[in-house]
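To keep things clear, I will list the structure first and then write my remarks on it.
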Amino acid sequence: MTDQTSPETLKSAARALLKEAALVAGEWVAAGPDAVEVEDPAEETILGRIPKLSGDQVSQAIAAAARAFPDWSGRKGKARGEFLHRWAELVARNEQGLAALISLENGKPYPEALGEVRYANSFISWFAGMAERLDGRTIDSANAQDLILAFREPVGPVAAITPWNFPAAMITRKAAAAFCAGCTVVLKPASATPFTGIALAALALEAGLPEGAFSVVTGAQDVVGGALTGSAAIRKLSFTGSTEVGRKLAAQCAPSLKRLSMELGGAAPLIVFDDADLDVAVEGTVAGKFRAGGQTCVCPNRVYVQKGLRDAFLEKLTAKVAALKVGKPFEDGVAIGPLIDAKGVAKVEDHVARTVAAGGTVLTGGARHERGGRFFQPTVIAGGDDALFCDEETFGPLVPVFAFDSEDEVLERANASDYGLAAFLFTDDLNRALRVGRRLEAGIVGVNSGLISNAANPFGGVKQSGFGREGSTYGIEDYLQVKSLTLALR
Ligand code: NAP
């Protein structure tokens, strides 16, 4: 625990924010008899229920977003920024309850969940500051009579579909940018972790967002996803999730030619050169890999260590990983919570078995945790075949470590993946950092750090990790389109 508040107090703050309802066109729609159950992954009990909305109800939310759009987009940037500041203030005031809610529905340790709420809120503050700065341009024309004005206008009502691994941050990263630009939003949060998003929407209403400008729709993927992607009124889809689902949704959006942002899966390489600071490299690997129990899209999926440093690196890494405490989110000193579901546990188990079969040696962990349930031991494996980790995200607490000889060799191996989200390198040679960093096929590169997520950092992938950028001054562009106006001067 990072503060002295007791787990009981934190849980009751979470329960005060937990709403078993969707938000459709400004109305709360309570969960009915056919509701979807949401589990607490640490306790394996039912935390609550969310409504299974019909396609018609999702269409009502879309219609409300379309009705709210002219008013919201017509307001001054300063007014939209003021709303975002008020929303950020309410999120900050409720940060303990929101963090505890994340811990309850996602299972991440409470201090880490608190970090996520602050990270999520940094996007709201960032875009609050930006709302007054969405300037256009004047453009010179070869025709002496003409003056060209370029306006940046919001794309229109936006659909946002988000994953379970960051129940707050993946939502604010999209919604704050959209509201800043003047867009309205219909959000479909992950069914495993919907309550944080619903609570954030309630706080947005409290902060003064007009009715219909933000709906939260829950229920069956195909019903909700079909209505959102099939609607001509929705002008953009921002999706964060797996590459497989991203491809499917992009195809569904093709007939209505929506703008798309696709934040998809990754298989990040992490490279440690002989000239790296050993402690910094080990710390960076542990920090990057074990966040959210290894369940982030930017977690290093495969670690390459140059031969001269390999043994020392493995020794230090193994000691650190073996010391990580596994447990429930409100227990003291816990670094790793449960995985999100049984499928997630089976996947890590499968990756361990396949790596050992390919010649890898388990240095620590390697099996389900003695606590049972969805807990898995933090694991280090040396050797085996890195091809598996180029192609498949483990999404769990397993670090496979491979040795390499030369810069060219490791670049070839690092880039031998269809994914291209994050990549990390550790070196004390600035020339090498720039040379290798530029040649890595990834949208986000960390040098001497395993933590790269920051509201000021343009976040997004290349290749099968998708396209579009979130956060930073680039993140707003996904929600804006350019309109030109040519004045023939007399
Ligand atoms: P997922 O299975 O692709 O689901 C993501 C979201 O899409 C959920 O809300 C899910 O709904 C929804 N969905 C699934 N199938 C759908 C369909 N046919 N129509 C409409 N919506 C549909 O991914 P996940 O397991 O939640 O998240 C893990 C993945 O997200 C990993 O691959 C990870 O790398 C990626 N990720 C990427 C980033 C990034 O910024 N690039 C960040 C975080 C995570 P339900 O919850 O109802 O199934």
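Each ligand, and each atom within it, is numbered from 1 in the order the structure gives.
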For atom 4 (O) of ligand 1, is the nearest protein heavy atom under 4.0 Å away?
no
For the residue pair N165 and T296, confirm or rule out a side-chain donor-acceptor distance under 3.5 Å.
no
The protein heavy atom nearest to atom 40 (O) of ligand 1 is R173 NH2, 2.9 Å
Applying side chain to side chain contact (heavy atoms under 4.5 Å, CB included) to S215 and not counting sequence neighbours gives A61, V186
K188 heavy atoms within 4.0 Å reach ligand 1 at atoms 9 (O), 10 (C), 11 (O), 45 (P), 46 (O), 47 (O)
N or O contact, S465 vs ligand 1, cut-off under 3.5 Å
no
Could an N or O of ligand 1 be found under 3.5 Å from any N or O of T162, whether backbone or side chain?
yes
Of all the non-hydrogen atoms in the protein, which one sits nearest to atom 41 (N) of ligand 1, and at what distance?
L264 O, 2.8 Å
Nearest-neighbour protein heavy atom for atom 36 (N) of ligand 1, which is reported as residue plus atom name and distance
C297 CB, 3.5 Å
Might you work through the side-chain hydrogen bond (donor to acceptor under 3.5 Å, both in side chains) test for E105 and T196, ending with a clear yes or no?
CA-CA 8 Å; E105 64 180 3; T196 307; 2.5 Å; yes
Where on K248 is there a heavy atom closer than 4.0 Å to ligand 1, on the side chain, on the backbone, on both, or on neither?
side chain
Between K174 and T162, is any side-chain donor less than 3.5 angstrom from a side-chain acceptor?
no
In the protein, which heavy atom is nearest to atom 48 (O) of ligand 1, and how far is it?
Q221 NE2, 2.6 Å
For E263, the ligand 1 atoms with a heavy-atom partner under 4.0 Å come out as 37 (C), 38 (C), 39 (C), 40 (O), 41 (N)
Which atoms from ligand 1 have a heavy atom of F395 less than 4.0 Å away?
28 (C), 31 (C), 33 (C), 34 (O)
Taking the ring of F395 and the ring of W164, is the distance between their centroids below 6.0 Å?
yes
Number the atoms of ligand 1 from 1 as they appear, then name those within less than 4.0 Å of a heavy atom of V245, with their elements.
3 (O), 13 (N), 14 (C), 15 (N), 16 (C), 22 (C)
Ligand-residue contact atoms, ligand 1 with L249, heavy atoms, under 4.0 Å
19 (N), 20 (C)
With no hydrogens and no angle check, is any side-chain donor or acceptor of Q96 less than 3.5 Å from a backbone partner on L10?
no
Are any of the side-chain heavy atoms of T193 and I102 separated by less than 4.5 Å?
no
Checking K248 against F239: charged group under 6.0 Å from the ring centre and within 45 degrees of the axis?
no
Who passes salt bridge (Lys or Arg N to Asp or Glu O under 4.0 Å) against K463, sequence neighbours left out?
E441
What about W164: any of its N or O atoms under 3.5 Å from an N or O on ligand 1?
yes
Can you tell me the protein heavy atom closest to atom 27 (O) of ligand 1 and the distance?
P163 CB, 3.4 Å
Does R413 qualify as a cation-pi partner of F404, given the criterion of NZ or CZ under 6.0 Å from the six-membered ring centre and within 45 degrees of its axis?
no
Do E43 and R374 pass the salt bridge (charged side-chain N to carboxylate O under 4.0 Å, His left out) test, and can you show the C-alpha distance, the side-chain angles, and the key distance before you say yes or no?
CA-CA 9 Å; E43 303 295 343; R374 298 171 195 179; over 6 Å; no
Contacting atoms of ligand 1, where contact means under 4.0 angstrom from a heavy atom of G265:
32 (O), 34 (O)
State which residue, out of F214, F123, Y479, fulfils the ring-ring contact (aromatic ring centres under 6.0 Å, His included) condition with F179.
F214
For atom 47 (O) of ligand 1, the closest protein heavy atom turns out to be S191 OG, 2.5 Å
With a cut-off of 4.0 Å, which atoms of ligand 1 are near a heavy atom of M170?
42 (C)
Is it true that the NZ or CZ of R371 lies under 6.0 Å from the centre of F375's six-membered ring and within 45 degrees of the ring axis?
yes
Nearest neighbour in protein (non-hydrogen) for atom 12 (C) of ligand 1:
I161 CG2, 3.7 Å
Structural part of Q295 in contact with ligand 1, heavy atom criterion under 4.0 angstrom
neither
Do ligand 1 and N165 have nitrogen or oxygen atoms that lie under 3.5 Å from each other?
no
Would you call R354 and E392 a salt bridge, using N to O less than 4.0 angstrom?
yes
Where does E393 meet ligand 1, judged by heavy-atom distances below 4.0 Å: at the side chain, the backbone, both, or neither?
side chain
The closest protein heavy-atom partner of atom 2 (O) of ligand 1 is S242 OG, 4.0 Å
Is ligand 1 under 4.0 Å from a heavy atom in the side chain of T243, in the backbone, in both, or in neither?
neither
